[in-house]
Amino acid sequence: AAMVTQAISTWRSYQSTLAKAEQEMLLLARTFEEHVGRTMDGTLSSLNTIEQDEVFQSCVAARDNGCLHAYMLRFVGRYPQLQSMGMVYENGELAASSLAYPVRPHNLSNTQYFRVARSRPQAPYYIAEQQIDPTGSSPIIPFVTGVLDKKALFSGVLIAGLNPEHYQKFYTSISQNRDLVMRLFRDDGISLSRYPYIAEEIGRDISHKEFFDRVSSGTESGVFYETSKIDNINRIYGWRRVEGWPLGVSVGVNRDAVLAPWWRETIIALGISLFLLLGGTLLIIYVLRQLTRLERTEADLYLTKVAVERGADMAIWLDPPGHIRYVNATTCNRFGFSEQDLLAMRFRDINPSFKPESWPKFWGRLRQHRHLFDEIVLRTRTGEEFPCEVNSTYIQFKGQEYNCAVVRDISERKMAEDAVVKSEQQLRLALEASSTGLFDMPLDGRRTAITSPEYDRLLGYLPGELVETFEKGVDKRLDPNNA
């Protein structure tokens, strides 16, 4: 029976190890997907900005290649993901590039991305396979869009060359010296980039792989196992579709590396089991170790609960209908209600400015952004109203949605801010009424100086014309050596 129990435990540990690795790959794939999505959004926005720019349109209409080069050279520096930018006329001739001027004669009419852009000029974009930039020697992922003139006629193709090294930096940040593989691919199965870089993988068609059927069917994410034909390593992959783009990403880890700790733990466990069969002493030690671990976990959970209950900030958890589901002791003390009273209330009972029609919109934004910050006014049991900051966090647990809000009373801060504003107003009135040349100069330079009208006249300015700060060097103006 002991051996059977040990075998079941080993099998569950094996499954748990693989499941943990799968979840980690899904998480890394999601992180990579968000990074790619932001990159693509920024690139498309830049192309739209350029295409609608009157200066760019005039350069294209005049076929002024020097103007186009200068424009793109200035523009490409604003986007770190771009290696280059180029413009191709409607006949396929390369007009200008941010990398060189003038460009050597180069006709791109036979390239796939030019044919696609010319055949579908109204399409917002097309992402081509990784290739060498036409005016350089560095690889790029062409992100192209058709350019239309004012008569909506096709006048060329605008090329934004995505730098594959941009994603290499991201790969380096998440790999942490582990044997990870990261891939970016189109929804037609063409591999756009692979990290670490392997030339055979670039442009490779992976649509025949089993997992790709789920990509084509619209599934958002998943896990698959694959043995590479290049290095013969079996890897665990997590993949995701890039939201809003015809792209997908995958992140894989060496399965053997994942299981290596499990093998070590399994061997140790088997050794312990053999020793347990020899006597009850080792069994007692094992049980005591497990109990110690459990006590440590319970202590950690208790410490967390105490920290939340006795924290300086108020904690209020709400559900979508607005019921209060949890409050800490700080909340009860500030509002003057018992915990039972607050749990029987709704958020509108303590929020005098609550608007029922705005509540569903708030939850929609919270589900989308996951974190929201706001300043509101809440009301205590005695009717006192006080301003507070609310940091809302969206959490879904066991099928239930919660807004875990951390609330901070900012009454004292508001009073301090009002006092500062009032003090500055009083100082300004005093200076304006004074017949003496006076000024108030902040040493930190975070706001402008306040001067009296007489001070302005002494320095040769009309009242209200002189605006001085510490950075402008008032000392230099008053130094007799500068007279």
Side-chain angles (χ1 to χ4, degrees), residues 23-24 26-31 33-35 37-38 41 220-221 240-244 297-298 300-415 417:
Q23 291 301 316
E24 182 183 12
L26 283 173
L27 179 60
L28 291 178
R30 181 180 181 85
T31 305
E33 176 261 332
E34 292 174 349
H35 181 62
R38 289 192 297 268
D41 289 340
E220 292 299 323
S221 62
R240 284 190 66 87
R241 296 171 64 91
V242 180
E243 183 177 357
T297 302
E298 291 178 347
D300 292 342
L301 291 175
Y302 178 76
L303 178 61
T304 302
K305 180 176 177 62
V306 170
V308 173
E309 280 291 322
R310 302 180 183 177
D313 293 330
M314 293 172 278
I316 304 176
W317 295 3
L318 306 169
D319 61 11
H323 296 103
I324 299 177
R325 304 298 299 271
Y326 168 79
V327 290
N328 63 354
T330 306
T331 305
C332 298
N333 294 335
R334 184 65 182 90
F335 281 88
F337 290 101
S338 67
E339 181 180 2
Q340 291 75 13
D341 291 339
L342 285 172
L343 294 180
M345 300 168 68
R346 292 193 175 192
F347 187 55
R348 65 187 180 191
D349 297 327
I350 60 174
N351 184 355
S353 60
F354 182 85
K355 297 180 180 179
E357 64 275 10
S358 301
W359 188 246
K361 298 178 182 179
F362 167 80
W363 268 91
R365 290 187 296 112
L366 183 61
R367 292 187 185 98
Q368 179 182 0
H369 299 288
R370 301 291 172 172
H371 300 281
L372 292 177
F373 174 84
D374 199 3
E375 289 190 7
I376 63 174
V377 175
L378 297 180
R379 182 169 53 209
T380 65
R381 183 172 188 172
T382 62
E384 175 196 356
E385 296 184 357
F386 63 95
C388 56
E389 291 178 346
V390 181
N391 283 284
S392 297
T393 300
Y394 177 81
I395 292 179
Q396 193 172 37
F397 180 71
K398 293 186 177 180
Q400 297 294 323
E401 295 177 305
Y402 298 96
N403 171 14
C404 296
V406 177
V407 182
R408 176 170 295 176
D409 187 347
I410 58 173
S411 302
E412 294 183 0
R413 193 184 76 188
K414 288 292 185 181
M415 293 174 62
E417 291 174 354

**Asked** Given side chains that start at C-beta, do those of Cys388 and Ile376 come closer than 4.5 Å, heavy atoms only?
**Response** yes
**Request:** Give a yes or no on whether Phe373 atom CZ has more than 12 heavy-atom contacts from other residues, nucleotides or ligands under 6.0 Å away.
**Result:** yes
**Asked** Does a side-chain heavy-atom distance below 4.5 Å link Glu401 with Asp319?
**Response** no
**Item:** Arg348, CZ: over 12 other non-hydrogen atoms inside 6.0 angstrom
**Value:** no
**Asked** Are the charged groups of Glu384 and Arg334 less than 4.0 angstrom apart, N to O?
**Response** yes
**Request:** Nearest 0.5 Å please: distance from the NE2 atom of His323 over to the CG atom of Asp349.
**Result:** 9.5 Å
**Message:** Counting only heavy atoms from other residues, nucleotides and ligands, does the tally under 6.0 Å from CZ of Arg367 exceed 12?
**Reply:** yes
**Asked** With a 6.0 Å cut-off on ring centres, are Phe362 and Phe347 close enough?
**Response** no
**Message:** Would Asp374 and Asn391 count as a side-chain contact (heavy atoms from CB on, under 4.5 Å) here? Give the steps.
**Reply:** CA-CA 7 Å; Asp374 199 3; Asn391 283 284; over 6 Å; no
**Asked** Is there side-chain contact between Met345 and Leu342, with at least one heavy-atom pair below 4.5 Å?
**Response** yes
**Item:** From Ser392 atom OG to Leu318 atom CG, the distance as rounded to the nearest 0.5 Å
**Value:** 7.5 Å
**Message:** Looking at every heavy atom in both Ser221 and Leu26, which two are closest together, and how far apart are they?
**Reply:** CB-CD2, 4.4 Å
**Item:** Side-chain donor/acceptor of Glu33 to backbone N/O of Glu243, under 3.5 Å
**Value:** yes
**Item:** Cationic N near anionic O, under 4.0 Å, Glu375 to Lys414
**Value:** yes
**Nearest heavy-atom neighbours spanning Ala405 and Val390** = CB-CG1, 3.9 Å
**Request:** List the steps and the verdict of side-chain contact (heavy atoms from CB on, under 4.5 Å) for Phe335 and Ile350.
**Result:** CA-CA 9 Å; Phe335 281 88; Ile350 60 174; 3.9 Å; yes
**Prompt:** Do Ser411 and Glu385 touch side chain to side chain, with heavy atoms closer than 4.5 Å?
**Reply:** no
**Item:** Heavy-atom closest contact (Met314 atom, Phe386 atom, distance)
**Value:** CE-CE1, 4.0 Å
**Message:** Any heavy-atom pair between the side chains of Val407 and Asp313 that's under 4.5 Å?
**Reply:** no
Report all side-chain donor-acceptor pairs from residues 351-358 shorter than 3.5 Å, counting only partners two or more places apart or in another chain.
from	atom 1	to	atom 2	distance (Å)
Asn351	OD1	Ser353	N	3.1
Asn351	OD1	Ser353	OG	3.0

**Item:** Minimum side-chain heavy-atom gap Leu343-Glu339 below 4.5 Å
**Value:** yes
**Message:** With a 6.0 Å cut-off (strictly less than), is the heavy-atom count around CD of Gln396, excluding the residue itself, greater than 12?
**Reply:** yes
**Asked** Taking atom types as modelled, is there a side-chain donor on Asn333 or Thr330 under 3.5 Å from an acceptor on the other?
**Response** no
**Request:** Using a 4.5 Å cut-off on heavy atoms from C-beta on, say whether the side chain of Arg325 contacts that of Tyr402.
**Result:** yes
**Asked** When rounded to the nearest 0.5 angstrom, what distance separates CZ in Arg240 from OG1 in Thr31?
**Response** 9.5 Å
**Prompt:** Less than 4.5 Å apart, any side-chain heavy atom of Glu389 and any of Arg413?
**Reply:** yes
**Asked** Do the side chain of Thr331 and the main chain of Ala315 share a donor and acceptor less than 3.5 angstrom apart?
**Response** yes
**Prompt:** Within the side chain of Asn403, is there an N or O that forms a donor-acceptor pair under 3.5 Å with the backbone of Tyr394?
**Reply:** no
